[in-house]
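Note sheet for the following structure.
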Amino acid sequence: MIDLRLLRDDPDAVRASQRARGESESSVDELLAADAQHRGALVRFESLRAEQKQLGKQVARAKGDEKQELLARTKQLAADVKAADLTVTETAEALRAAHLAVPNLVEDGVPPGGEDDFVVLKEVGLRPELDTVRDHLELGELLGAIDMERGAKVSGARFYFLTGVGALLQMGLFQLAMAQAVEYGLTPMVTPSLVKPESMEGTGFLGSHASEVYRLEADDLYLVGTSEVALASYHSGEILDLAEPRRYAGQSSCYRREAGSYGKDTRGIIRVHQFDKIEMFSFCRPEQSVEEHRRLLAWQEEMLAKVEVPYRVIDTAAGDLGSSAARKFDIEGWVPSQQRYRELTSTSNCTTFQARRLAVRYRDEDGKPQVAATLNGTLATTRWLVAILENHQQPDGSVRVPKALQQYLGRDVLEPVAR
RNA sequence: GGAGGCUUCGCCUAGUCUGGUCUAUGGCGCCCGCCUGCUAAGCGGGUUUCGGGUUUAUCCCCGAUCCCGGGUUCAAAUCCCGGAGCCUCCGCCA
């Protein structure tokens, strides 16, 4: 949710942001109108209610005829108050709907345009020179690391088993990521995968992404698509001490319906219904959020360096930002079998947009509660196995283990196994 | 799955039976000031949160807020109904 005060003071800034996203400006005007209506209704209700309370005190003191006379008056007033209250409730609902319809303000410097208008900020690492390229699934099967067939048998399309060194590789990768998170002072977390509707809505995933989300009808719970949901909601309704940013690194399984992606990335584990992820999450003061965003990005790059995968960093265009994000950087790793970069991490600065809905606040210098800023960023996911396997493959189908992962795997090369 | 108890402004707590002087009591903590060789103690004041109005700002005024949502009533922390969370016990179970 955007800041309504900012909207009242400077509606053109919000309109400009909408233009950058390629979205309609009319939602801004609808929100302004809903806000004005709601405030008008509030003023009417409050003055009626004040009168009612005044008379109520007189009633308590009055006796006999005087009391009967007062009761006659207050009875009508009570009906008026009730009606005014109903109007307030209605305008508040309309305001909320209009409020939810307006996405976050885009940060200055974000490239305009849509999905293809991202800006490449940098490219790092040398792409491997391979005579024969096996894709990650072929390698995974050779190594006894990935079993898609039985994944499909047990759970259906886009499910898989990580087996043997595949399982070890993921766990090693995650240990490496957690070790780095701890080194930089983030608090490690293992978070719930099932959350209540308000947590899902508070983080903004029930908007345009609602069709991506698994819902458990019988229990009115949602399966998270990322631990961002649980981590953002972790401090909902709280007032935090944010002299320093509060940072977490959460591990959870992530579930995505992948509706509308039929035929896309059907091979291997690039696009699956369930995967695991380590996610960084930060609560900080809004004025620190831009700097914090760069910090998360730097930590992500450090992880990419540790797994020795070539990558590029892109600055996502305004039209491709999620509704909560003011800016988003993706790191894409090189995938030799596709001869292109694929997304391995994403980090978003949600400024106060998410925290406002979730009521996460801190106290400023004057002791006044203020809305915090939230940021999130991937530190490792199952998809990284794709880039690791493919970039470090050798002609015989074996895969070199990046130095930083060797201690977790207990070996420096993964060898093909007989099936 | 069943039975019972609890939920009050950071923490603890009074108030709920018997609706209105509740503008929610007191303690702890915290903040400001006074006092004092220093410290401690003592004294005085302040301290839920949100919204609206007013204002350069401070102040002030109004409304909401006693877990949440309904209801009864002129009037609800208080009475009634529904729900959530926590705790205890019973049953079942990886």
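Numbered from 1 within each chain, the chains take letters A, B, ... in sequence-line order. Basis for what follows: all heavy atoms, side chains included, without hydrogens, waters or symmetry-related copies.
- Atom-to-atom, CG of A:Leu86 to C1' of B:G71 comes out at 15 Å; the value is rounded to the nearest Å.
- Donor-acceptor pairing under 3.5 Å is lacking for the side chains of A:Gln52 and A:Thr74.
- Across the C1' atoms, B:C74 and B:G69 are found 23 Å apart, a figure rounded to whole Å.
- When the P atom is used for both B:A94 and B:G4, the distance is 28 Å, rounded to whole Å.
- Rounded to a whole Å, the NZ atom of A:Lys368 is 8 Å from the P atom of B:U49.
- In this structure, A:Arg361 does not reach the B:U49 phosphate: none of its side-chain N or O atoms is under 4.0 Å from OP1 or OP2.
- Spacing between atom CD of A:Gln76 and atom C1' of B:A75 amounts to 16 Å, rounded to whole angstrom units.
- A:Gln288 places no side-chain N or O within donor-acceptor distance of the main-chain N or O of A:Pro245, the cut-off being under 3.5 Å.
- In a base pair of the Watson-Crick type (N1 to N3 plus N6-O4 or O6-N4) or a G-U wobble (N1-O2 and O6-N3), with each distance short of 3.5 Å, B:C79 is matched with B:G71.
- Annotation: of the two residues near RNA chain B, A:Thr74 and A:Arg363, the 5′-most nearest-nucleotide partner is A:Arg363.
- Between A:Arg256 and A:Glu258 no salt bridge is recorded (no basic side-chain N to carboxylate O distance below 4.0 Å).
- In this structure A:Asp412 satisfies the side chain to side chain donor-acceptor pair (under 3.5 Å) test with no other residue, sequence neighbours excluded.
- In this structure, the salt bridge (charged side-chain N to carboxylate O under 4.0 Å, His left out) partners of A:Asp315, at least two apart in sequence or on a different chain, are A:Arg327.
- For B:A3 and B:G15, the C1' atoms lie 29 Å apart once the distance is rounded to whole Å.
- Residue contacts shown for A:Leu71 include a base, since a base heavy atom lies under 4.0 Å away.
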For nucleotides 60-66 of chain B, list the nitrogen or oxygen atoms of the protein found under 3.5 Å from its nitrogen or oxygen atoms, one pair per line.
residue, atom, partner, partner atom, Å
B:A64, OP1, A:Arg49, NE, 2.3
B:A64, OP1, A:Arg49, NH2, 3.0
B:A64, OP2, A:Lys53, NZ, 2.7

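- In this model, a donor atom of one side chain and an acceptor atom of the other lie less than 3.5 Å apart for A:Tyr184 and A:Glu302.
- In summary, A:Glu343 and A:Arg271 do not engage in a salt bridge, as defined by a charged side-chain N under 4.0 Å from a carboxylate O.
- Of the residues near RNA chain B, A:Gln52 and A:Gly56, the one whose nearest nucleotide (by heavy atom distance) lies more toward the 5' end is A:Gly56.
- A salt bridge links A:Arg15 with A:Asp12; the closest basic N to acidic carboxylate O contact falls under 4.0 Å.
- Taking atom CZ of A:Arg73 as the reference point, atom P of B:U73 lies 21 Å away to the nearest angstrom.
- Across the strands present, B:C38 finds no partner; the criterion is a Watson-Crick or G-U wobble pair with both atom distances under 3.5 angstrom.
- Nucleotide B:G4 forms a pair with B:C87, judged by Watson-Crick or G-U wobble geometry with both contacts under 3.5 Å.
- Classification of the A:Phe283-A:Tyr248 ring pair by plane angle, with boundaries at 30° and 60°, yields perpendicular.
- Comparing the C1' positions of B:U23 and B:U39 gives an interatomic distance of 39 Å, to the nearest angstrom.
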Contact string for nucleotides 77-86 of chain B, one letter per nucleotide 5' to 3', B = base within protein heavy-atom range under 4.0 Å, S = sugar-phosphate only, - = neither, reads ----------
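- Comparing B:A14 with B:G26, their P atoms sit 14 Å apart, to the nearest whole Å.
- In this structure A:Ser323 satisfies the side chain to side chain contact (heavy atoms under 4.5 Å, CB included) test together with A:Pro103, sequence neighbours excluded.
- Nearest heavy-atom pair, A:Val110 versus A:Thr316, reported as atom, atom and distance to 0.1 Å: CG1-O, 3.5 Å.
- Rounded to an integer number of Å, the gap from A:His235 NE2 to B:G10 P is 18 Å.
- Annotation: B:U16 and B:C92 have their C1' atoms spaced 38 Å apart (nearest Å).
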Below 3.5 Å is the cut-off: list the nitrogen or oxygen pairs between protein and nucleotides 28-32 of chain B, distance only.
none

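- B:A76 atom C1' lies 15 Å from atom NZ of A:Lys57, rounded to whole Å.
- Between A:Arg400 and A:Glu308 there is a salt bridge, since a side-chain N of the basic residue sits under 4.0 Å from a carboxylate O of the acidic one.
- In this structure, A:Arg285 CZ and A:Gln370 CD are separated by 9.0 Å, a value rounded to the nearest 0.5 Å.
- Partner assigned to B:C30 is B:G46, using Watson-Crick or G-U wobble distances below 3.5 angstrom.
- Figure legend. B:C93 is base-paired to no nucleotide; pairs are counted as Watson-Crick or G-U wobble with both atom distances under 3.5 Å.
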What's the verdict on salt bridge (Lys or Arg N to Asp or Glu O under 4.0 Å) for A:Glu25 and A:Arg19, showing C-alpha distance, side-chain angles and the deciding distance? CA-CA 7 Å; A:Glu25 294 175 45; A:Arg19 278 196 300 278; 3.1 Å; yes
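- As rounded to the nearest Å, B:C12 and B:C87 have P atoms that lie 15 Å from one another.
- Pairing for B:U56 is absent, with no Watson-Crick or G-U wobble pair whose two atom distances lie under 3.5 Å.
- Residue-level contact check: A:Arg356 touches neither bases nor backbone, having no heavy atom under 4.0 Å from any strand.
- Between A:Lys75 and B:C74 there is a side-chain polar atom (N or O) within less than 4.0 angstrom of OP1 or OP2.
- The C1' atoms of B:C30 and B:U21 are separated by 31 Å, rounded to the nearest whole Å.
- Residue A:Arg44 is classed as having no contact, given no heavy-atom separation below 4.0 Å to the nucleic acid.
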